[in-house]
Amino acid sequence: EIYYKRRNDPPNFVFNAYNYMRFWKSTNNILGKNFDLYSTLDDAVNDANGWTWCNYDDHNIGMFRDCGPTAYQAHEWTSRVRGGDGAAFFVYLPDYEIVPFTCQVRRGPQTTNSLVKSEVSCLDGETLASCGIDGWHNLQGTYIDPSNPNTCIAGTHDTNPVLAVAVCCTFPDGSIDSVATIVGSDSTTQSISQCSSGTVTGCQVDYVAGATNNLRGAYPGATQSVNAYSGGDDYDTLNQCTSEARSTASTIRGGAQCVVPSNGYALNCVSSGSMIGGTDADFDG
């Protein structure tokens, strides 16, 4: 048994254990700085007899690579694709309770007019977690007005039908302090939107000017090179969104929906991204 204990996490860092199970990397994950390892639960609870040696960053090698109590200890790792030890992972939460909540998809009216937006709002008691669009061609994109963060707005550039799609969540009474919509700067490549507090729950991209039918989409997590997004299971959001145009012929504007929990609560979100068919260049919208 190996016990992993986090410490000294940087601001806005969201720990995603599943990522480390897939790839044991050193980013925000250094023994003695960001975490400690122990051989028993008693040692972990009492911060006693912590391990002193660890290595990292072997692709697709998961927890805990060749870490050892005092020196290199081969093959402590597991992997989904490279063999290794069989393992089960458990989370010890002595002072926390997992509080359930529910979410529902709400759809706005369909529009086929570039001058008429599709809008949908969450009901009283619900929180808008994300704002999306149902459509396939000449999309204007989606946006949330920061002065009205419970309404999702979407549009089209021609007569192709689109409608706004809102994910509305009902959290326990008193668990949410506030909701903020962060608007990114205008850009012809990438617009970055960063939650200064709370947890990012949705990303938007909206057309501003220039060529139409030129939105690539938006994604949470680390910003990648333009037109080179590669998603994955349970992607760490880093509490930021990156929104992109397909080319510099258009100006776009990104956005991030940030839900701020009340004191005593935490909201941990991860993201999954995938492309169905085609090539990277086809991953648009």
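Only a predicted model underlies this, so the values are computations on that prediction, with no experimental measurement involved.
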### Query
For C54 and L37, what are the C-alpha separation, side-chain angles and deciding distance, and is it a side-chain contact (heavy atoms from CB on, under 4.5 Å)?
CA-CA 9 Å; C54 212; L37 293 176; 4.2 Å; yes
### Task
Could you give me the CA-CA distance, side-chain angles and deciding distance for F23 and H59, then say whether side-chain contact (heavy atoms from CB on, under 4.5 Å) is met?
CA-CA 6 Å; F23 180 20; H59 190 63; 4.1 Å; yes
### Query
C103 and C169: disulfide bond (SG atoms under 2.5 Å apart), yes or no, with the steps?
CA-CA 4 Å; C103 296; C169 298; 2.0 Å; yes
### Message
Set out, in order, the CA-CA distance, both residues' side-chain angles and the distance that settles side-chain contact (heavy atoms from CB on, under 4.5 Å) for Q204 and V183, then state yes or no.
### Response
CA-CA 9 Å; Q204 300 88 48; V183 178; over 6 Å; no
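The shortest distance between side-chain heavy atoms of I252 and L215 falls below 4.5 Å. Y219 is not listed as a side-chain neighbour of S243, based on a closest heavy-atom distance of 4.5 Å or more. Considering only heavy atoms from C-beta on, K5 comes within 4.5 Å of D47 through its side chain. Considering only heavy atoms from C-beta on, N239 comes within 4.5 Å of Q194 through its side chain. Side-chain contact check for V165 versus V105: some heavy-atom pair is nearer than 4.5 Å. Looking only at side-chain heavy atoms (C-beta outward), T40 and E1 stay at 4.5 Å or farther from each other. Between R246 and S250 the shortest side-chain heavy-atom distance does not fall below 4.5 Å. Looking only at side-chain heavy atoms (C-beta outward), R6 and N34 come within less than 4.5 Å of each other.
Here the CG atom belonging to D134 is positioned 9.5 Å from the CG atom belonging to L139, to the nearest 0.5 angstrom. Interatomic distance, N150 CG to L123 CG, rounded to the nearest 0.5 Å: 9.0 Å. A distance of 11.5 Å separates OH of Y3 from CH2 of W51, quoted to the nearest 0.5 Å.
Side-chain atoms of T112 do not come within 3.5 Å of backbone N or O of T159 as any donor-acceptor pair. For the pair Q140 (side chain) and S114 (backbone), a donor-acceptor distance under 3.5 Å is present. Looking at T127, its side chain never comes within 3.5 Å of a backbone N or O of A129 through a donor-acceptor pair. The backbone N or O of S185 sits less than 3.5 Å from a side-chain atom of S191, completing a donor-acceptor pair.
Inspection of the Y56 and D66 side chains reveals no N or O donor paired with an N or O acceptor under 3.5 Å. Side-chain contact, N214 with S247: a donor N or O sits under 3.5 Å from an acceptor N or O. Between S147 and D145, the side chains place a donor N or O and an acceptor N or O closer than 3.5 Å (distance only, hydrogens not considered). Using a 3.5 Å distance cut-off with no hydrogens or angles, the side chains of D177 and S262 do not pair a donor with an acceptor. Counting only N and O atoms by type, the side chains of Q257 and T181 include a donor and acceptor under 3.5 Å apart.
N29 and Y4 make their closest contact through OD1-OH, 2.5 Å (heavy atoms, listed as atom of the first residue, atom of the second, distance). The minimum heavy-atom distance between G202 and C241, with the atom names listed, is O-SG, 3.5 Å. When every heavy atom of L163 is checked against every heavy atom of P109, the shortest pair comes out as CB-O, 3.8 Å. Residues C67 and N55 come closest through the heavy atom pair SG-N, 3.8 Å. Contact between P261 and V259 at its shortest, heavy atoms only, is CD-O, 3.4 Å. What you find for C195 and I182 is that their closest heavy atoms are CA-CG1, 4.4 Å.
R253 and D186 are joined by a salt bridge, as a carboxylate oxygen and a charged side-chain nitrogen come within less than 4.0 angstrom of each other. The pair D57-R65 does not meet the salt-bridge criterion, since no charged nitrogen lies less than 4.0 angstrom from a carboxylate oxygen.
Paired with C131 under the rule side chain to side chain contact (heavy atoms under 4.5 Å, CB included), one option of V120, V167, T142 passes, and it is T142.
The stretch residues 169-192 participates, sequence neighbours left out, in these ring pair (Phe, Tyr, Trp, His ring centres under 6.0 Å) pairs: F101-F171. Residue pairs meeting the ring pair (Phe, Tyr, Trp, His ring centres under 6.0 Å) criterion with at least one member in residues 179-207, sequence neighbours excluded: H157-Y207.
Partners of N160 according to the side-chain contact (heavy atoms from CB on, under 4.5 Å) rule, which considers only residues two or more places apart in sequence or in another chain, are W136, H137, N138, T156, D158. Residues satisfying the side chain to side chain donor-acceptor pair (under 3.5 Å) test with S187, not counting sequence neighbours, are T189. Taking the side chain to side chain donor-acceptor pair (under 3.5 Å) definition, one finds that S121 meets it with T151, sequence neighbours left out.
Linking ILVMFWY residues whenever their side-chain heavy atoms come closer than 4.5 Å, directly or via other members, places M63 and I30 in the same cluster. Grouping the Ile, Leu, Val, Met, Phe, Trp and Tyr side chains by contacts below 4.5 angstrom, directly or via other members, places I176 apart from Y265. Residues I2 and L31 share a hydrophobic cluster, clusters being chains of Ile/Leu/Val/Met/Phe/Trp/Tyr side chains in contact below 4.5 Å.
Within 6.0 Å of atom NZ in K33, 12 or fewer heavy atoms from other residues, nucleotides or ligands are found, so the atom counts as exposed in its surroundings. Atom CG of N46 sits in a crowded spot, with more than 12 heavy atoms from other residues, nucleotides or ligands closer than 6.0 Å.
In summary, the aromatic rings of F35 and W24 are positioned with their centroids under 6.0 Å apart. In this structure, Y72 has its ring center closer than 6.0 angstrom to the ring center of W53.
The other members of the hydrophobic cluster of I153, by chain and number, are Y143 (side-chain heavy atoms under 4.5 Å, ILVMFWY only).
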